[in-house]
Amino acid sequence: MTVFSTQLINIINSIPKGRVSSYGRIAEIAGNPRAARQVSRLLHSSSEKYGLPWHRVIGSSGNISLKGAAADLQRQLLESEGIEFDINGKVDMDRYGI
DNA sequence: GCCATGGCTAGTA
DNA sequence: GCCATGGCTAGTA
(Lines give C-alpha, C1' and ligand atoms only; values in the text may rest on other atoms or scores of the structure.)
Protein backbone atom coordinates (compact mmCIF):
# COMPACT_ATOMS: atom_id res chain seq x y z
CA MET A 1 0.00 0.00 0.00
CA THR A 2 1.19 3.47 -0.96
CA VAL A 3 0.97 6.78 0.87
CA PHE A 4 -1.21 8.13 -1.90
CA SER A 5 -3.59 5.19 -1.76
CA THR A 6 -3.78 5.48 2.00
CA GLN A 7 -4.70 9.13 1.58
CA LEU A 8 -7.47 8.20 -0.82
CA ILE A 9 -8.82 5.59 1.57
CA ASN A 10 -8.84 8.06 4.46
CA ILE A 11 -10.59 10.70 2.40
CA ILE A 12 -13.23 8.32 1.11
CA ASN A 13 -13.85 7.02 4.61
CA SER A 14 -14.38 10.58 5.83
CA ILE A 15 -17.32 11.31 3.54
CA PRO A 16 -20.27 11.61 5.91
CA LYS A 17 -23.57 9.85 5.47
CA GLY A 18 -25.87 11.97 3.37
CA ARG A 19 -23.04 13.59 1.42
CA VAL A 20 -21.18 12.65 -1.76
CA SER A 21 -17.89 13.47 -3.41
CA SER A 22 -16.41 12.91 -6.86
CA TYR A 23 -13.47 10.90 -8.16
CA GLY A 24 -11.66 14.03 -9.26
CA ARG A 25 -12.34 15.94 -6.07
CA ILE A 26 -11.00 13.10 -3.93
CA ALA A 27 -7.87 12.90 -6.06
CA GLU A 28 -7.50 16.66 -5.73
CA ILE A 29 -7.75 16.57 -1.95
CA ALA A 30 -5.19 13.77 -1.87
CA GLY A 31 -2.82 16.05 -3.74
CA ASN A 32 -3.07 14.94 -7.35
CA PRO A 33 -5.92 16.55 -9.30
CA ARG A 34 -5.21 14.34 -12.29
CA ALA A 35 -5.48 11.01 -10.56
CA ALA A 36 -9.25 10.69 -10.77
CA ARG A 37 -9.01 7.37 -12.54
CA GLN A 38 -6.86 6.00 -9.80
CA VAL A 39 -9.73 6.68 -7.42
CA SER A 40 -12.09 4.65 -9.57
CA ARG A 41 -9.58 1.88 -9.76
CA LEU A 42 -9.12 1.83 -6.00
CA LEU A 43 -12.86 1.77 -5.39
CA HIS A 44 -13.24 -1.08 -7.83
CA SER A 45 -10.51 -3.20 -6.30
CA SER A 46 -10.54 -2.31 -2.62
CA SER A 47 -13.98 -1.18 -1.48
CA GLU A 48 -14.79 -4.46 0.15
CA LYS A 49 -11.36 -4.91 1.69
CA TYR A 50 -11.37 -1.53 3.44
CA GLY A 51 -15.08 -1.16 4.00
CA LEU A 52 -15.21 2.00 1.93
CA PRO A 53 -18.49 3.91 1.50
CA TRP A 54 -18.08 3.42 -2.25
CA HIS A 55 -21.62 4.50 -2.99
CA ARG A 56 -20.83 8.05 -1.84
CA VAL A 57 -18.42 8.58 -4.72
CA ILE A 58 -19.96 9.72 -8.02
CA GLY A 59 -18.98 11.61 -11.16
CA SER A 60 -18.06 15.28 -11.03
CA SER A 61 -21.30 16.38 -12.62
CA GLY A 62 -23.43 14.48 -10.12
CA ASN A 63 -23.89 11.39 -12.25
CA ILE A 64 -23.60 7.79 -11.20
CA SER A 65 -20.78 6.22 -13.17
CA LEU A 66 -21.66 2.60 -12.64
CA LYS A 67 -23.78 0.72 -15.15
CA GLY A 68 -26.64 -1.72 -14.82
CA ALA A 69 -27.72 -3.26 -11.55
CA ALA A 70 -24.78 -1.77 -9.68
CA ALA A 71 -25.98 1.71 -10.59
CA ASP A 72 -29.45 0.95 -9.24
CA LEU A 73 -27.96 -0.29 -6.00
CA GLN A 74 -25.82 2.82 -5.62
CA ARG A 75 -28.79 5.08 -6.17
CA GLN A 76 -30.85 3.16 -3.62
CA LEU A 77 -28.08 3.39 -1.04
CA LEU A 78 -27.76 7.14 -1.55
CA GLU A 79 -31.50 7.69 -1.42
CA SER A 80 -31.64 5.73 1.82
CA GLU A 81 -29.21 8.29 3.22
CA GLY A 82 -31.46 11.15 2.19
CA ILE A 83 -29.88 12.19 -1.09
CA GLU A 84 -32.25 13.25 -3.85
CA PHE A 85 -31.92 12.72 -7.58
CA ASP A 86 -33.28 15.06 -10.23
CA ILE A 87 -35.29 14.07 -13.28
CA ASN A 88 -32.07 13.22 -15.11
CA GLY A 89 -30.83 10.96 -12.37
CA LYS A 90 -28.26 13.44 -11.14
CA VAL A 91 -27.31 14.67 -7.70
CA ASP A 92 -26.99 18.40 -6.99
CA MET A 93 -23.30 18.66 -6.14
CA ASP A 94 -23.66 22.16 -4.73
CA ARG A 95 -26.07 20.80 -2.20
CA TYR A 96 -24.63 17.38 -1.39
CA GLY A 97 -21.04 17.50 -2.61
CA ILE A 98 -18.04 17.76 -0.33
C1' DG B 1 -2.79 -2.71 -19.31
C1' DC B 2 -6.53 -1.47 -16.23
C1' DC B 3 -9.98 1.86 -14.44
C1' DA B 4 -16.72 3.34 -11.53
C1' DT B 5 -12.73 10.28 -14.93
C1' DG B 6 -12.96 14.76 -16.60
C1' DG B 7 -12.83 18.47 -19.52
C1' DC B 8 -12.88 20.35 -23.98
C1' DT B 9 -14.43 20.60 -28.79
C1' DA B 10 -16.72 19.62 -33.03
C1' DG B 11 -20.95 19.33 -34.92
C1' DT B 12 -25.98 19.47 -34.90
C1' DA B 13 -30.43 21.82 -34.20
C1' DG C 1 -17.22 11.61 -28.61
C1' DC C 2 -12.37 11.95 -28.03
C1' DC C 3 -8.16 11.42 -25.55
C1' DA C 4 -4.62 12.82 -21.92
C1' DT C 5 -3.85 11.31 -17.48
C1' DG C 6 -1.50 8.25 -13.51
C1' DG C 7 -0.90 4.96 -9.78
C1' DC C 8 -1.01 0.36 -9.32
C1' DT C 9 -0.99 -4.81 -10.05
C1' DA C 10 -0.94 -9.18 -12.36
C1' DG C 11 1.92 -11.70 -14.73
C1' DT C 12 6.16 -12.70 -17.26
C1' DA C 13 11.25 -13.44 -17.35
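A note on names: the letters A, B, ... follow the listed sequences, proteins ahead of strands, and every chain is numbered from 1.
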For DNA chain C, the residues among residues 25-60 of chain A that have a non-hydrogen atom under 4.0 Å from it: A:Asn32, A:Arg34, A:Arg37, A:Gln38, A:Arg41
Nucleic acid contacts of residues 79-98 of chain A, taken as heavy-atom distances under 4.0 Å to DNA chain C: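 The answer is none.
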Side chain to side chain contact (heavy atoms under 4.5 Å, CB included) between A:Ile15 and A:Ile26, worked out: CA-CA 10 Å; A:Ile15 304 170; A:Ile26 290 167; 4.2 Å; yes
Given 3.5 Å as the limit, does a donor-acceptor pair link the side chain of [X] with the main chain of [Y], or not?
X: A:Thr2; Y: A:Ser5; result: no
X: A:Gln74; Y: A:Val57; result: yes
X: A:Asp86; Y: A:Asn88; result: yes

When rounded to the nearest 0.5 angstrom, what is the spacing between [atom1] in [X] and [atom2] in [Y]?
X: A:His44; Y: A:Leu66; atom1: NE2; atom2: CG; answer: 9.5 Å
X: A:Ile9; Y: A:Leu43; atom1: CD1; atom2: CG; answer: 9.5 Å
X: A:Glu81; Y: A:Arg56; atom1: CD; atom2: CZ; answer: 4.5 Å

Nucleotide [N], atom [atom2] - distance to [atom1] of [X] in whole Å:
X: A:Lys67; N: B:dC3; atom1: NZ; atom2: C1'; result: 14 Å
X: A:Leu66; N: B:dT5; atom1: CG; atom2: C1'; result: 13 Å
X: A:Ile9; N: C:dC8; atom1: CD1; atom2: P; result: 10 Å

Worked verdict on A:Met93 versus A:Arg25 for side chain to side chain contact (heavy atoms under 4.5 Å, CB included): CA-CA 11 Å; A:Met93 295 304 275; A:Arg25 179 65 184 138; over 6 Å; no
Residue-phosphate contact under 4.0 Å: A:Ser22 side-chain N/O, B:dG6 OP1/OP2: yes
OP1 or OP2 of C:dG7 under 4.0 Å from side-chain N/O of A:Ser5: no
Sugar-phosphate, base or nothing in reach of A:Tyr23, heavy atoms under 4.0 Å: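 Base contact - A:Tyr23 has a heavy atom under 4.0 Å of at least one base atom.
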Sugar-phosphate only, base, or nothing, as touched by A:Ser61 at under 4.0 Å among non-hydrogen atoms: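 Here A:Ser61 touches no strand at all.
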Least distance between heavy atoms, A:Ala36 atom then A:Ala27 atom: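 So the two residues come closest at N-CB, 3.7 Å.
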Watson-Crick/G-U partner (both atom distances under 3.5 Å) of B:dA4: none
Watson-Crick or G-U wobble mate for C:dT9, both contacts under 3.5 Å: none
